[in-house]
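Notes for the one structure printed next.
Each ligand, and each atom within it, is numbered from 1 in the order the structure gives. Predicted, not measured: the structure shown is a model, and the values here were computed from it.
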Amino acid sequence: MRAGLGFDVHRLIQGRKLVLGGEVIPFEKGLLGHSDADVLLHAVCDALLGAAGLGDIGQHFPDTEPRFKDISSMELLAQTFQMVRDKGFFVNNVDATILAEAPKLDQHRTAMQANIAGVLELESAEVNIKATTMEGLGAIGKGEAIAAMCVVTLR
Ligand code: MG
C-alpha cells in the first residue's frame with residue numbers, strides 16, 4: 001500500500017468557467033490557469049503521481065506546452081491514471097477536500113465523485129469529496145482563490 005498527497009490552488013477571476021471535479025459549476029467567476037484550471041482534479045493527479053513515485057503534475061503537463069492549453073483536466077487525470085497503471089498500481093481510494101468560500105458545492109458532490117471514480121475505475125463510494133470554507137480568512141476566504149487537497153492510496 002502506498003499513499004500520496006496532492007495540493008493545488010488557483011486564482012478566481014471574472015470571465016472564466018468554473019470547473020471542479022470535471023463539472024462546470026454555475027458561478028460568476030472561474031479559475032485562472034493554462035488548462036481548464038480544475039483545481040480538484042489537479043490535486044487528485046498530484047496525489048496519484050506522489051503515491052506512484054512519479055513526480056508532480058507540472059513535470060508531466062507543463063503550463064508552457066501549447067498542447068495543454070485549455071485542456072480538460074479530466075484528460076490529464078486519465079493520462080495520469082494510465083501512468084499509475086503502467087507502474088502496476090491500482091487505486092484503492094481517494095479522499096479530497098475543496099477549500100472555497102463560494103459557491104456551495106453540495107449539489108455537485110455526487111457528480112464530481114462519479115466523474116473521478118469513472119476515470120480511476122472505482123466505485124463512487126471509494127472517492128470521497130469534502131468541501132469547507134475558510135471562514136472568511138485569507139485569499140480563499142475573500143473569494144480570490146479556490147484550493148484543493150487530496151490523499152490517494154494505491155495498492
Ligand atoms: Mg493546477
Side-chain angles (χ1 to χ4, degrees), residues 2-87 89 91 93-105 108-109 111-120 122 127-134 137-154:
R2 296 171 65 120
L5 171 70
F7 174 82
D8 196 21
V9 60
H10 281 260
R11 194 181 291 269
L12 266 174
I13 62 157
Q14 307 278 353
R16 291 268 302 182
K17 271 191 300 188
L18 178 59
V19 186
L20 286 173
E23 288 295 298
V24 177
I25 295 178
F27 192 51
E28 71 227 28
K29 295 180 185 175
L31 295 171
L32 178 63
H34 186 66
S35 65
D36 65 3
D38 189 327
V39 69
L40 173 59
L41 294 190
H42 293 182
V44 175
C45 286
D46 253 354
L48 285 162
L49 292 169
L54 286 168
D56 69 31
I57 192 170
Q59 286 174 265
H60 296 283
F61 310 109
D63 63 8
T64 49
E65 277 272 353
R67 70 195 153 113
F68 299 129
K69 178 93 181 97
D70 297 324
I71 192 172
S72 167
S73 296
M74 289 290 284
E75 176 58 30
L76 302 182
L77 182 64
Q79 290 185 30
T80 301
F81 177 63
Q82 194 54 54
M83 288 183 245
V84 168
R85 287 294 299 115
D86 288 347
K87 283 204 88 179
F89 293 113
V91 180
N93 79 303
V94 175
D95 184 28
T97 300
I98 302 167
L99 297 90
E101 208 63 22
K104 287 284 169 229
L105 298 171
H108 304 287
R109 188 191 311 249
M112 293 191 284
Q113 287 174 171
N115 289 345
I116 294 167
V119 174
L120 302 182
L122 295 171
V127 178
N128 194 74
I129 297 173
K130 309 180 296 296
T132 186
T133 71
M134 290 290 286
L137 297 167
I140 294 169
K142 292 192 187 82
E144 295 168 1
I146 292 178
M149 51 184 82
C150 182
V151 170
V152 163
T153 60
L154 304 179

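The number of protein N/O/S atoms found under 2.8 Å from the Mg ion (ligand 1) is 3.
Side-chain polar atoms of Ser73 and His42 form a donor-acceptor pair below 3.5 angstrom. In this model, no donor atom of one side chain and acceptor atom of the other lie less than 3.5 Å apart for Asp63 and His34.
From Leu12, atom CG reaches atom CD of Glu28 across 9.0 Å, with rounding to the nearest 0.5 Å. To the nearest 0.5 Å, the span separating CG on Leu40 from CG on Leu99 amounts to 11.0 Å. Note that NZ of Lys130 and CE of Met149 are 9.0 Å apart. Values are rounded to the nearest 0.5 Å.
Among residues two or more places apart in sequence or in another chain, the salt bridge (Lys or Arg N to Asp or Glu O under 4.0 Å) test is passed with Asp70 by Arg16.
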